[in-house]
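Written out below as structure tokens is the structure these notes cover.
Hydrogens, waters and symmetry mates play no part in the numbers below; they use all other heavy atoms, side chains included.
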Amino acid sequence: MNDDVQNLPLPPPAFGGRISENYKQATADFPQPVSPPSGAPDVLVILIDDLGYGGTSMFGGLIPTPNIDTLAKTGLRYSHFHNCALCSPTRAALLSGRNHHRTGNGSITEGSTGFPGYNSMWSDDNAAIPQVLAYNGYTTAAFGKWHNTPDWETSPVGPFDRWPTGKGFQTFYGFMGGETNQFTPQLFRNTTPVEPDTTPEQGYHLTDDLATKAIEWLHTRQSITPDRPWFLYWAPGAMHAPHHVPERYITPFKGRFDMGWDAYRADLFESQKKIGAVPPDAQLTPRPAELPAWDTHSADEKRLFARQMECFAGFLTHLDEHVGRLLDAVNALPNADNTLIIAVLGDNGCSPEGGLFGTLNNMATQNGFPDDVASMLPAIDEIGQGHHENHFAVGWAWAIDCPFQWTKQVASHFGGNRTGVSVTWPAKIKAGGELRAQFQHVVDIAPTIYEAAGIPFPESVNGIRQQALDGRSFIHTFADASAPSTHLTQYFENAGNRAIYHEGWIASAHHGVPWVLLGRDGNFENDHWELYDLSQDFSQANDLSAEHPEKLAELLAIFKQEAEANFVFPLDDRFSERAHIPDRPSVTRGRTRFKYYAGTTRISEGTAPDVKARSHSITARLVIPAGGAEGVIVAAGGGAGYTFFIKAGELMYENNFFGRERDLLRAGGTLPEGEVTVAFHYTHESTQYGGGGTGWLEIDGKEVARQAFAHVPPARYSATETLDIGRDLGEAVSRQYHSPFAFTGTLKDVVFEVG
């Protein structure tokens, strides 16, 4: 092998022509573009968000997903595939081929801490699949959710090293955070903020948009460079909350889930056995004691929960429809037979983050404020619409994660970390419809793609020596159902939930209830380690720790070894509290005054002035034209946040506490024409988490309104909503106006002063 291929980018070829003083005697020799290995396949990776093992009908799910199922008919289903139980970790592991802590993605980026396994700073010694493929002649693109850039690097000014384009994607269209409003998303094209082409009233939905843009990219690439292979990473926001979908997709499921999650899970298990998604001797694990049975709930609660699941089902069928559009486009291309499609049907288990009752505002639960049934019932028929950030009750997540214990976040058990995977490659896989049961992990996807493309993994990229891959190619399983697994050891860890798999056994330590996101105790020494023999126990149903203490001790020693080698320590179970880490890098640290000019928009929450639960002032210099002006002066957030605006000539300020409380300050009267200075001041007074203070408005230094705010958001407004000057992009913070409600006067500047 040429040593050059071990170091990327490849060096320019030596000049093979002849140089003379006159071009007439010289021989030209242009350097030619890098050519990938002959026969290298096109590659499509589909990554679905927050969908558990029993989500698709390919793996027994009771919600029909016929388009996704076509992959199983022509390819292979993998029933022993695993993820990292949380989104940022799984995505980094999949794209890099390394364990998630080794990329700094031991948690979501917004929860990063100052330790190597958790700092979210995906370093250059962990090159991603698109980097390696692009340097070897592939064209590369990503569409959808990213969530692998440090929170303080997500503004429109970067830096962009850890954006998709910095990790080898030549084209990116999608959103940067963990979730976004499906009707009014915050999108980027490469590194430039863009707004959707159409409005929700015109039928806009993000999943549709992502499929359309990916198909357009495929057609453009095929038209211009038909002989160059491509790598496409399609990662929609579905099925992550908010569960947003047009009502016509929800209606067909009316009444379909009235039986509740216990009966649904039992029916799902029977369906899984029928189609072979679980072996005949698999056991259905019981409902955790912390999760109430369906029959213990009132009629109103059941009615609400059923509607939540109807919305989720409609969201999934909508997703399936647009996956079908993408697959149809791929299959219509001339190289369809030589296209490797890997569909990862969940970056973790189904999400419990809606809490025991579900929620109309997912960010409220993530701030540590669970919802209640009484406040949700009046809006029951609005669930799924864009002015809610709805999420279903945890019972449904547990049901869909059938037959396993627990859910997303719980890396110790398969309900959190086992995912359905399908692999299709018509030119190489002839065993359509077969099942594979080798132990695999998302870190195995990168080396599998490299082997399929005939590209060796490099020793260095851009002069940086690369960390070794943790994954192993599983191409050898394509043709042989009985081929041995080469992935023999794998640790799992998320928020203190941890496990170690080794040669057919797994030791598991569950830590805490995943839907309690505030006030976790950090007492890892009290966790009980369980032991399972997976050769006899598909679903982790029978704890053998008492019968085999020596095997448990052996595995615990391996866990410690793997944890130390992969930067897993220190364990940290905090969630909501990690929104504020004092030593996290910040473009705002140490600053108490911020001046913004008109037209400055899409300032991410991680790079905006942090006024949450802090005394502060916002002062704006305006010019009001004859006839008056209206519009947003400054707004931050969406389903929670604040907005300072003028409506019908009247100055107003709204504090939006997750849609549950809306404090509207009104100046009264009309602003005068000409130059005027307006200000909002806030004094934080409460010592309680989520408590509030007093706000007041001033016009040219004169107080015109004052009001007490019982609560203000303490940790986070949104995953992707931004601070905008002169308009409110994305979801409107206030229901007093429709976005973007751009300011119609002249806005000179806006100054923040933060206590």
Side-chain angles (χ1 to χ4, degrees), residues 51-66 68-83 259 261-288 343 345-346 349-350 398-407 412-423 429 431-441 474 477-485 487-488 499 501-508 530-545 547-548 551:
L51 186 61
Y53 183 78
T56 63
S57 43
M58 181 193 301
F59 286 91
L62 304 180
I63 302 166
T65 52
I68 294 173
D69 292 352
T70 61
L71 295 170
K73 295 173 183 176
T74 58
L76 303 171
R77 287 180 300 158
Y78 283 79
S79 61
H80 289 62
F81 221 103
H82 302 83
N83 54 53
M259 82 289 280
W261 44 68
D262 293 296
Y264 181 86
R265 183 171 163 98
D267 291 346
L268 173 53
F269 184 56
E270 292 304 313
S271 174
Q272 290 176 320
K273 288 195 293 185
K274 184 176 180 180
I275 69 167
V278 304
D281 61 351
Q283 298 179 55
L284 181 61
T285 59
R287 176 172 30 80
L345 307 175
C350 250
W398 166 74
I400 293 169
D401 289 331
C402 179
F404 307 117
Q405 300 184 57
W406 297 107
T407 61
S412 57
H413 288 77
F414 294 156
N417 68 41
R418 182 162 286 185
T419 187
V421 168
S422 181
V423 180
I429 296 176
E434 289 189 2
L435 192 73
R436 295 290 182 266
Q438 292 86 358
F439 183 95
Q440 306 294 165
H441 189 274
F474 55 95
T477 68
F478 290 179
D480 186 0
S482 63
S485 174
H487 197 129
L488 303 180
Y501 167 84
H502 182 65
E503 296 182 351
W505 291 79
I506 191 167
S508 304
E530 303 159 2
L531 179 68
Y532 301 97
D533 178 2
L534 299 181
S535 67
Q536 308 295 322
D537 184 4
F538 175 81
S539 57
Q540 288 179 300
N542 301 303
D543 177 12
L544 303 178
S545 57
E547 290 88 337
H548 299 283
K551 175 58 73 172

Let's go through Phe414 and Gln405 carefully: what are the C-alpha distance in whole Å and the side-chain angles of both, what is the deciding distance for side-chain contact (heavy atoms from CB on, under 4.5 Å) to 0.1 Å, and is it a yes or a no? CA-CA 6 Å; Phe414 294 156; Gln405 300 184 57; over 6 Å; no
Can you find a heavy atom in the side chain of Trp398 that is under 4.5 Å from one in the side chain of Trp261? yes
Side chain Thr285, main chain Pro403, donor-acceptor under 3.5 Å: yes
Strictly distance-based, threshold 3.5 Å: is any side-chain N or O of Asp543 a donor or acceptor partner for the main-chain N or O of Leu531? yes
Side-chain donor-acceptor pair present, Ser482, Arg436, cut-off under 3.5 Å: no
Between His413 and Glu530, is the side-chain contact (heavy atoms from CB on, under 4.5 Å) condition met? List the steps. CA-CA 10 Å; His413 288 77; Glu530 303 159 2; 2.8 Å; yes
Value rounded to 0.5 Å, distance of CG in Asn542 from CD in Gln283: 4.5 Å
Backbone of Pro66 reached by a side-chain donor or acceptor of Thr70 within 3.5 Å: no
Which pair of heavy atoms, one from Ser422 and one from Ala72, lies closest together, and at what distance? OG-N, 3.7 Å
Between His82 and His80, is there a donor-acceptor pair closer than 3.5 Å when you use the side chain of the first and the backbone of the second? yes
Begin from the C-alpha positions of Tyr532 and Trp505 and carry the test side-chain contact (heavy atoms from CB on, under 4.5 Å) through to its verdict. CA-CA 6 Å; Tyr532 301 97; Trp505 291 79; over 6 Å; no
For the aromatic rings, using the six-membered ring if either is Trp, is the centroid distance between Tyr53 and Phe404 under 6.0 Å? yes
Test side-chain hydrogen bond (donor to acceptor under 3.5 Å, both in side chains) on Thr407 and Asp401 and set out the steps. CA-CA 6 Å; Thr407 61; Asp401 289 331; 5.0 Å; no
CG (Leu345) and CG (Leu51) are apart, to the nearest 0.5 Å, by 7.0 Å
Pairs touching residues 271-280 that satisfy salt bridge (charged side-chain N to carboxylate O under 4.0 Å, His left out), sequence neighbours left out: Glu270-Lys273
Hey, does Ser271 have a side-chain heavy atom less than 4.5 Å from the side chain of Leu62? yes
Heavy-atom side-chain proximity of Gln440 to Thr477 below 4.5 angstrom: yes
For the side chain of Ser412 and the backbone of Ala499, is there at least one donor-acceptor N/O pair under 3.5 Å apart? no
Nearest heavy-atom contact between Ala277 and Gly60 is CB-N, 4.4 Å
Please step through side-chain hydrogen bond (donor to acceptor under 3.5 Å, both in side chains) for the pair Gln540 and Ser508, ending with a clear verdict. CA-CA 9 Å; Gln540 288 179 300; Ser508 304; 3.0 Å; yes
Under 3.5 Å: donor-acceptor pair, side chain of Asp69, backbone of Met58: yes
What distance separates Ile400 CD1 from Phe59 CZ, expressed to the nearest 0.5 Å? 15.0 Å
Counting N and O atoms only, with roles assigned by atom type, does the side chain of Ser485 sit under 3.5 Å from a partner on the main chain of Gln438, one being a donor and the other an acceptor? no
Distance col, row Ser539:OG vs Leu534:CG, nearest 0.5 angstrom, shows 9.5 Å
With rounding to the nearest 0.5 angstrom, report the OG to NZ distance, Ser545 to Lys551. 14.0 Å
Heavy-atom distance under 4.5 Å between the side chains of Phe478 and Val423, does that happen here? yes
Suppose we call two aromatic rings close when their centres sit under 6.0 Å apart. Are Tyr501 and His487 close by that rule? no
Steps toward side-chain contact (heavy atoms from CB on, under 4.5 Å) verdict (Leu435, Leu76): CA-CA 6 Å; Leu435 192 73; Leu76 303 171; over 6 Å; no
In short, Arg265 meets Leu284 closest at the heavy-atom pair NE-CD1, 3.7 Å
Closest contact, heavy atoms only, Asn83 versus His441: O-NE2, 3.7 Å
Of all heavy-atom pairs between Glu434 and Ala481, which one has the smallest distance, and what is that distance? OE1-CB, 4.5 Å
Ring centroid separation for Phe474 and Phe81, is it under 6.0 angstrom? yes
When every non-hydrogen atom of Leu71 is compared with those of Ala343, the smallest separation belongs to CD1-CB, 3.7 Å
Under 3.5 Å, is there a donor-acceptor pair linking the side chains of Thr419 and Tyr78? no
Rounded to the nearest 0.5 Å, what separates atom CD in Glu547 from atom CG in Asp533? 11.0 Å
